[in-house]
Asks: 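The structure is given below, and queries will be raised subsequently.
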Amino acid sequence: MKRSSIMVVIVFVLTLILPVSAATLSVFGFELFLRHELVLAFVNTVTFSGLSVHLLKHTEWKEDKAPVILFTVMLPLAVCDLYLSMWMSKSIIVTLLAVLRVILSAVLMLTGSARRVLKVICTIISATMLLLFAVVAVMFFTFGQIGYKTTVNICVSPEGTHRAEVIDCNQGALGGDTVVEVYDERCRLDLYFIEIYKAPEMVYLGEWGEFKDMEVYWESEQVLIINGLKHVVR
């Protein structure tokens with residue numbers, strides 16, 4: 001495989017890895033948490049940008065159909081990565097870095113020699129997604145901070161296999177809720193920068209502010225007592 005083709009694959013994987021990983025884990029009931037997401041986004045963007053600039057200067061990759069097609073379909077994937085970056089990090093800087101990767105993806109697609117029909121289709125899909133993103137981003141960064149969640153109590157089971165979290169969901173003038181979620185500590189993989197865990201099970205939904213007088217403790221590894229009522233977790 002040519003050196004330029006290898007670079008094309010690396011750039012494609014950098015774009016693909018977050019949306020595909022999140023979607024795959026979600027299908028199997030798991031969630032992906034990015035720790036130190038700013039560092040990850042910065043390293044990803046620097047690597048992506050460096051390889052992209054190199055490929056724009058050295059155009060021999062255009063001679064192969066596979067790299068050209070990859071760069072054409074990469075643009076909608078880059079927009080998906082942009083959505084996830086905004087949602088998972090809730091950081092303007094991380095979101096802007098993702099925007100830069102989208103721009104570079106668009107430039108790489110436009111410089112390729114893929115069939116016009118494929119380019120038009122991917123461009124229309126990406127443009128539509130970007131218009132929706134603009135609306136969502138404005139609402140998210142303008143109104144997103146009105147509602148917030150705060151973990152007010154953590155209760156670990158006797159043998160440490162489960163962790164219950166009492167969460168205050170504050171929606172401002174709309175009120176809110178008190179939620180109790182249970183995490184399975186046996187299904188957690190900590191890779192320092194990335195944490196993969198089984199999606200929590202919501203075992204209780206109560207009134208806003210109810211957590212202040214809530215009694216939560218574990219009777220056994222599978223039985224959680226909330227205000228005197230038993231809740232069996234899986």
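Bear in mind the structure is a predicted one, so any value in this text is a computation, not a measurement.
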Asks: Supply the atom-to-atom distance L32 CG to Y197 OH, rounded to the nearest 0.5 angstrom.
Replies: 8.5 Å

Asks: Would S52 and V107 count as a side chain to side chain contact (heavy atoms under 4.5 Å, CB included) here? Give the steps.
Replies: CA-CA 9 Å; S52 298; V107 173; over 6 Å; no

Asks: Who else is in the cluster with F211 when I, L, V, M, F, W and Y are joined by side-chain contacts under 4.5 Å?
Replies: V152, V166, V180, V182, V203, Y204, M214, V216, W218, L224, I226, V233

Asks: Under the criterion side chain to side chain contact (heavy atoms under 4.5 Å, CB included), I'd like the reasoning laid out for S85 against L97: C-alpha separation, chi angles, the key distance, then a yes or no.
Replies: CA-CA 9 Å; S85 296; L97 290 173; over 6 Å; no

Asks: If Ile, Leu, Val, Met, Phe, Trp and Tyr residues are connected whenever their side-chain heavy atoms lie under 4.5 Å apart, and connections chain through other members, are V99 and I17 in the same group?
Replies: no

Asks: Do the side chains of W208 and M202 join up, straight or via other hydrophobic residues, at under 4.5 Å, putting them in one cluster?
Replies: no

Asks: Measure the NZ-CG distance between K198 and D184 for me, rounded to the nearest 0.5 Å.
Replies: 5.5 Å

Asks: Does the side chain to side chain contact (heavy atoms under 4.5 Å, CB included) test come out yes or no for K230 and I225, once each step is laid out?
Replies: CA-CA 5 Å; K230 292 185 179 181; I225 307 298; 3.4 Å; yes

Asks: Taking F12 as the starting point, is it possible to reach L104 by hopping between hydrophobic residues whose side chains are less than 4.5 Å apart?
Replies: yes

Asks: Are L56 and L14 connected, step by step, through hydrophobic side chains (Ile, Leu, Val, Met, Phe, Trp, Tyr) whose heavy atoms are closer than 4.5 Å?
Replies: yes

Asks: Roughly how far, to the nearest 0.5 Å, is the OH atom of Y83 from the CG atom of L18?
Replies: 14.5 Å

Asks: Please check this pair: side chain of H162 against backbone of E221, looking for a donor-acceptor N/O pair closer than 3.5 Å.
Replies: yes

Asks: Which atom pairs, donor and acceptor, lie under 3.5 Å between side-chain atoms of residues 127-137 and protein residues at least two apart or in another chain?
Replies:
residue, atom, partner, partner atom, Å
T128, OG1, I124, O, 2.8

Asks: Tell me whether E185 contacts the main-chain N or O of R163 through its side chain, where contact means a donor paired with an acceptor under 3.5 Å.
Replies: no

Asks: Membership question, hydrophobic clusters at under 4.5 Å side-chain separation (ILVMFWY): are L82 and L110 in the same one?
Replies: yes

Asks: Say you draw a straight line from CZ of F28 to CD1 of I196; how long is it, rounded to the nearest 0.5 Å?
Replies: 12.5 Å

Asks: Heavy atoms only: give me the nearest V156-G160 pair and the separation to one decimal.
Replies: CG1-CA, 3.7 Å

Asks: Measure the spacing between OG1 of T72 and CE of M109 and express it to the nearest 0.5 Å.
Replies: 6.5 Å

Asks: Closer than 3.5 angstrom, by distance alone: can the side chain of T178 be matched with the main-chain N or O of E207 as a donor-acceptor pair?
Replies: yes

Asks: Grab the two heavy atoms, one from P19 and one from C80, that are nearest each other, plus how far apart they are.
Replies: CB-CB, 4.3 Å

Asks: Donor-acceptor pairs are to be reported for all side-chain atoms of residues 34-46 against protein atoms at under 3.5 Å, with residues two or more places apart or in another chain.
Replies:
residue, atom, partner, partner atom, Å
R35, NH1, D190, OD1, 2.9
R35, NH1, Y192, O, 2.6
R35, NH2, E195, OE1, 2.5
T45, OG1, A41, O, 2.7
T45, OG1, R101, NH1, 2.7

Asks: Could you give the distance from CG (L51) to CG (L108), rounded to the nearest 0.5 Å?
Replies: 10.0 Å

Asks: Run V11 and F71 through side chain to side chain contact (heavy atoms under 4.5 Å, CB included) and show every step you take.
Replies: CA-CA 9 Å; V11 171; F71 276 147; 3.9 Å; yes

Asks: Do you know the tightest heavy-atom contact between S105 and A78?
Replies: OG-CB, 3.6 Å

